[in-house]
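What follows is one structure encoded as structure tokens, with my remarks underneath.
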Number of protein chains: 2
Amino acid sequence: MKNFTDFRKQQLPLIEKEMENFINDYTANDRLKEAMLYSIHAGGKRFRPLLVLAVLDSFNREIQTADYQVAAALEMIHTYSLIHDDLPAMDDDDLRRGKPTNHKVFGEAHAILAGDGLLTAAFQLVALSQIQSDQKVLLIQLLSKASGTQGMVAGQAGDLQGENSSLSLAELADVHEKKTGALIEFALLAGGILAQQPQEVVDLLGVFASHLGLAFQIKDDLLDATSSEEELGKQVGRDEALNKSTYPGLLGLEGAKEALAEQLNLGNETLEAVKEISSDFHLALLQEFLNQLRLS
Amino acid sequence: MKNFTDFRKQQLPLIEKEMENFINDYTANDRLKEAMLYSIHAGGKRFRPLLVLAVLDSFNREIQTADYQVAAALEMIHTYSLIHDDLPAMDDDDLRRGKPTNHKVFGEAHAILAGDGLLTAAFQLVALSQIQSDQKVLLIQLLSKASGTQGMVAGQAGDLQGENSSLSLAELADVHEKKTGALIEFALLAGGILAQQPQEVVDLLGVFASHLGLAFQIKDDLLDATSSEEELGKQVGRDEALNKSTYPGLLGLEGAKEALAEQLNLGNETLEAVKEISSDFHLALLQEFLNQLRLS
């Protein structure tokens, strides 16, 4: 049972190495490679790949090359989505994680291609990974569902349509479930599958993901509404400027804070339910992911 | 042994139905779906998916659902690449196949997402296809290699870098091998793999693809340099306007025509070589693909 900070410190460089090595070895154009690596190196919390690995660690499963490959592929897809999301035609952001966005450095054309490249490379990495074929196919099915037109890309489209129109709470939840929830769900499902857990446990990990994902989005909305650009390392107040529906907008600041706390509690309860089925499951590490989302 | 025109007439609706059904069933946002289907329905020669099916037919293999799934996935990737390629930040084309380009109708943001969606859906379709797992994984490996950072996306990046700079003939060939050749190669390899052909034959189909792909690009350059917008259904003279290196630019019009004829001859010779190994192989249909590229 590891401490979250130690776990993160130990695993981050290994996730980053896996992404970097794959991009270096499998990119046949230098400028494209540079643009892809720029955004990969821009850092970030690595929330999603760490989740994959945390599930494995929670079941006392030693983390292997194949696990890093899946975690890296997931983070590459997340990174591509940020590059495309930041484009002038989309959210038009100049700053991401305190650094100029990809298109600000490499131009729009290369930013589009860097995103396309990372997306394709993610599937290539899983397809080439050290996993047996049936499981590989299952993971590619789940990853394409989570990141594509039933998941993230559909959520991005819904998000665009939500600008300058007011969504109901249910519509907003649906957009976020697709836009951010689906990849977080993949992280938990993939962890459970790689850990060879029974379907019942994998399903519960999916339920945990839904609470974690919703909490993640409410926290993100709250930070956008209440932080300074310096604190956040990216432009703030963007949601309001774009007339986007948000949790604080629909529920008020206090209501959003309560909704966040509720999701964190439900997440904890789901982890307890996993523990009841799998006695060798250690809750502490995944609980820390919930704790990261508590308001300081 | 079928006539090319009949074969095309018979297969086109089935390829299109497969793409349309998959997009309809697997897209969770209506506007996104509409944007994806717009470009799918914009027509085109369906050169790549027809090639997959033509290989199967040339070996007397009945064409099955799984084959249409792979052919459809390939055409979805080709379609995504056209949508992104037409964007203002890339080639900035207003017209494609005689119709307004995707971003002209749906706006840039939705065009970017429609492309991302088609790309992801292509991998999802192969992952869900009626093929056994080992072959599925092999096809996803080849498709991601052909369409990604070792293939098409790298080629697009090289193409951008070739604007306003003069490439050598070898550099130009390398850009095109990646940009258009790689997907054409995938079509032939996938056809051979789905037809359960031995590696030796699959390799020869790859050699055929390289001649066909190069001929395809030289023909495309020649058309851009010599046709009217009305004849071509898209803007012409774009290569010259963007200062792109082209075969007619490097070899002259006559030199480019000779190079085209040479590639068509080499393609034919490769088909003869396949016939020498596989006596049940019928050349006629694949020869017709070469004939389509002859100058009228």
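Just so it is clear: chains get the letters A, B, ... in the order the sequence lines come, proteins before strands, and each one is counted from 1.
- For a residue to count as touching a neighbouring chain, one of its non-hydrogen atoms must lie under 4.5 Å from one of that chain's; by this rule B/K33 does not touch chain A.
- A/E18 CD: more than 12 foreign heavy atoms inside a 6.0 Å radius.
- The environment of CZ in A/F106 is crowded: more than 12 heavy-atom neighbours from other residues, nucleotides or ligands sit within 6.0 Å.
- At a 4.5 Å heavy-atom cutoff, the contact between B/L113 and chain A is made by backbone and side-chain atoms alike.
- Contacts with chain A (heavy atom to heavy atom, under 4.5 Å) involve these residues of residues 143-154 of chain B, listed by number: B/S144, B/K145, B/S147, B/G148, B/T149, B/Q150, B/V153, B/A154.
- Proximity to chain A (any heavy atom under 4.5 Å) is shown, for B/L128, by both the backbone and the side chain.
- The line from OG of B/S133 to CD of A/Q132 is 8.0 Å long, rounded to the nearest 0.5 Å.
- For B/L87, the part lying under 4.5 angstrom from a heavy atom of chain A is the side chain only.
- For the atom pair B/Q141 CD and A/F123 CZ, the distance stands at 14.5 Å (nearest 0.5 Å).
- Within the 4.5 Å cutoff, the side chain of A/Q156 has no heavy atoms near those of the B/H110 side chain.
- More than 12 heavy atoms of other shown residues, nucleotides or ligands fall within 6.0 angstrom of atom CZ in A/F216.
- A/N29 and B/Q161 form a side-chain donor-acceptor contact under 3.5 Å, judged by distance and modelled atom types alone.
- Of the listed residues (B/L160, B/D116, B/V137, B/I140), the one with the most heavy-atom contacts under 4.5 Å to chain A is B/D116.
- Not one N or O on the side chain of B/E108 forms a donor-acceptor pair closer than 3.5 Å with the backbone of A/A89.
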